[in-house]
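Below is one structure, written out as structure tokens; the observations come after it.
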2 protein chains.
Amino acid sequence: MKAPCPFTGPRPYHHGDLRRALLDAATRILDRDGQGGLSLRAVAREAGVSPAAPYHHFKDKSELMLAIAEEGFDQLSDYIRRTTNMSALPMERVAAIGLAYVEFAKSHPAVYRVMYDCSRDSDAMPDKAHDAEDGAFSLLKRAMIDMGVASPDQETDLELACIAAWCAAHGLAEMVGFKQFDALKAEMGGEKAFLAGVLSHLGMFGQARSRA
Amino acid sequence: MKAPCPFTGPRPYHHGDLRRALLDAATRILDRDGQGGLSLRAVAREAGVSPAAPYHHFKDKSELMLAIAEEGFDQLSDYIRRTTNMSALPMERVAAIGLAYVEFAKSHPAVYRVMYDCSRDSDAMPDKAHDAEDGAFSLLKRAMIDMGVASPDQETDLELACIAAWCAAHGLAEMVGFKQFDALKAEMGGEKAFLAGVLSHLGMFGQARSRA
DNA sequence: AAGCCCATCTTGACACCGTTCAGATAAGTG
DNA sequence: CACTTATCTGAACGGTGTCAAGATGGGCTT
């Protein structure tokens with residue numbers, strides 16, 4: 001099956017890689033219309049295909065969303081990896097990870113929502129999320145160890161510290177857009193300062209303030 | 001209009017207080033079937049009324065959910081108020097607030113979801129949420145001041161500290177149910193210990209560990 | 001090269017959803 | 001009592017997830 005398509009006349013009956021096209025269409029819709037605009041039919045429409053076509057690649061709508069979520073966690077991992085300078089001080093590294101996390105959530109809000117909706121609803125997703133985020137999670141772990149939050153032999157406590165950081169970042173990522181903080185943000189002279197201020201109160205992100 | 005109904009023959013044509021009944025039906029559905037089972041028609045069915053009836057009390061489905069969210073924030077506030085011992089030490093008070101917050105979210109997961117979905121989507125909700133939660137939020141503020149996190153004259157910093165605590169609690173509340181933490185919970189001998197452990201790493205909740 | 005197989009895609013249908021609108025009902029008002 | 005008005009019903013519209021049956025054509029066997 002050779003790769004067909006790129007705008008050469010009418011799309012061939014067999015698409016080539018519809019699965020990929022559907023996932024792209026879905027994230028495009030999410031970024032454009034938000035979570036409310038994400039319907040299987042809309043995705044099929046956006047990909048230029050009949051409403052039943054997706055069922056040959058995903059058993060369910062929830063399975064499509066799961067695939068989106070997996071890719072989202074991969075991208076998040078990549079983004080954090082890219083923006084984390086391994087030669088920086090441990091504290092700055094942790095702060096940078098937290099900021100990168102929130103920035104990602106802010107730049108793809110709907111995708112981020114889908115990621116955590118799936119993590120909550122699906123039994124399979126949490127493990128996948130953990131796997132996919134393993135890159136980012138281990139970066140965090142390393143930085144936490146270097147920071148002296150917990151020694152490597154206190155594995156349980158270290159894990160707890162990382163989970164705490166993760167929870168804090170997630171909470172902040174979800175709430176940073178709340179309108180009721182607008183006044184405070186303005187008073188502080190921008191969202192960046194607000195973000196740094198909040199992070200500075202969250203134990204492990206204490207160094208964030210110096211980056212404002 | 002006398003109060004009718006309680007199982008005396010067929011329900012009278014005019015319900016009496018359908019708005020109340022719809023909200024009750026909605027929360028019942030949320031607790032029973034989760035967020036996915038919440039449709040306007042299902043709510044109407046549960047209340048024993050035609051699909052179009054709710055439109056005389058809510059202009060929209062989103063307005064119904066908004067009302068549910070408002071009641072949720074009220075209940076959350078009440079719960080935190082009830083479980084906060086004002087004569088306890090400030091640190092213990094903060095820790096108790098955090099635990100109560102997470103416990104509420106765990107006991108009404110679907111309602112909690114609706115609460116924050118509305119806070120994100122609606123322009124009106126965030127203010128309402130803040131107002132409704134003012135009781136709980138001011139409890140937190142007081143405890144934070146007593147704890148010495150920030151002096152009352154550093155109003156901005158105090159606000160930031162409270163927001164940080166709120167974010168952390170929200171993140172934990174959303175993630176505490178993740179399956180991927182099950183192993184760690186078991187290893188620690190229960191979810192309570194896990195919760196206390198995570199909270200102990202989140203700055204302002206440092207005292208939580210002593211309550212495990 | 002011919003022919004078959006089967007993954008892929010389409011068409012059409014079903015039940016359910018949010019929403020609207022015309023009409024039925026009954027509660028309150030004069 | 002008559003009349004107004006809020007409340008509720010019934011039927012209808014377009015959109016959704018999902019499924020079964022049929023059309024299509026790429027790749028394998030021969």
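So that the names make sense, note that chain A is the first sequence line, chain B the second, and so on, each numbered from 1.
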Next item on the list: State which residues pass side-chain contact (heavy atoms from CB on, under 4.5 Å) with A/Q180; sequence neighbours excluded, sorted by chain then number.
Entry: A/F178, B/P126, B/D127, B/H130, B/W166

Checklist line | Residues which pass salt bridge (charged side-chain N to carboxylate O under 4.0 Å, His left out) with A/K185, listed by chain and number, not counting sequence neighbours | finding: A/D182, A/E191

Notebook entry, point to check: D/dT7 C1' sits how many Å from B/D17 CG, rounded?
Noted result: 13 Å

Checklist line | Distance, rounded to the nearest Å, where A/L38 contributes CG and D/dT16 contributes C1' | finding: 12 Å

Note to self: Using whole Å, what does the distance between atom P of nucleotide D/dC19 and atom CG of A/L40 come to?
What the structure shows: 11 Å

Collect all protein-nucleotide pairs involving nucleotides 11-16 of chain C in which both atoms are nitrogen or oxygen and the distance is under 3.5 Å.
none

Checklist line | side chain to side chain donor-acceptor pair (under 3.5 Å) against A/E63, all qualifying residues, sequence neighbours excluded | finding: none

Checklist line | salt bridge (charged side-chain N to carboxylate O under 4.0 Å, His left out) involving B/R82 - partner list, sequence neighbours excluded | finding: none

Checklist line | Set of residues satisfying side chain to side chain donor-acceptor pair (under 3.5 Å) with respect to A/E103, sequence neighbours excluded | finding: A/Y79

Notebook entry, point to check: Residues two or more places apart in sequence or in another chain: which of them pass salt bridge (charged side-chain N to carboxylate O under 4.0 Å, His left out) with B/D121?
Noted result: none

Next item on the list: Kindly state which residues belonging to residues 22-29 of chain A come within less than 4.0 angstrom of DNA chain D, counting heavy atoms of the residue only, listed by number.
Entry: none

Checklist line | Partners meeting side chain to side chain donor-acceptor pair (under 3.5 Å) with B/R45 (sequence neighbours left out) | finding: none

Item checked: Nucleotide C/dA26, atom C1' - distance to CG of B/L18 in whole Å -> 15 Å

Checklist line | Stretch residues 56-65 of chain B: residues that reach within less than 4.0 Å of DNA chain C through a heavy atom | finding: B/D60, B/K61

Margin query: When you compare the side chain of B/F181 with that of B/M175, does any pair of heavy atoms fall below 4.5 Å?
Written below: yes

Note to self: Going by ring-ring contact (aromatic ring centres under 6.0 Å, His included), name the residues that satisfy it together with B/H57, two or more places apart in sequence or in a different chain.
What the structure shows: none

Margin query: Can you list everything that forms a side chain to side chain donor-acceptor pair (under 3.5 Å) with B/D78? Sequence neighbours excluded, please.
Written below: B/R81

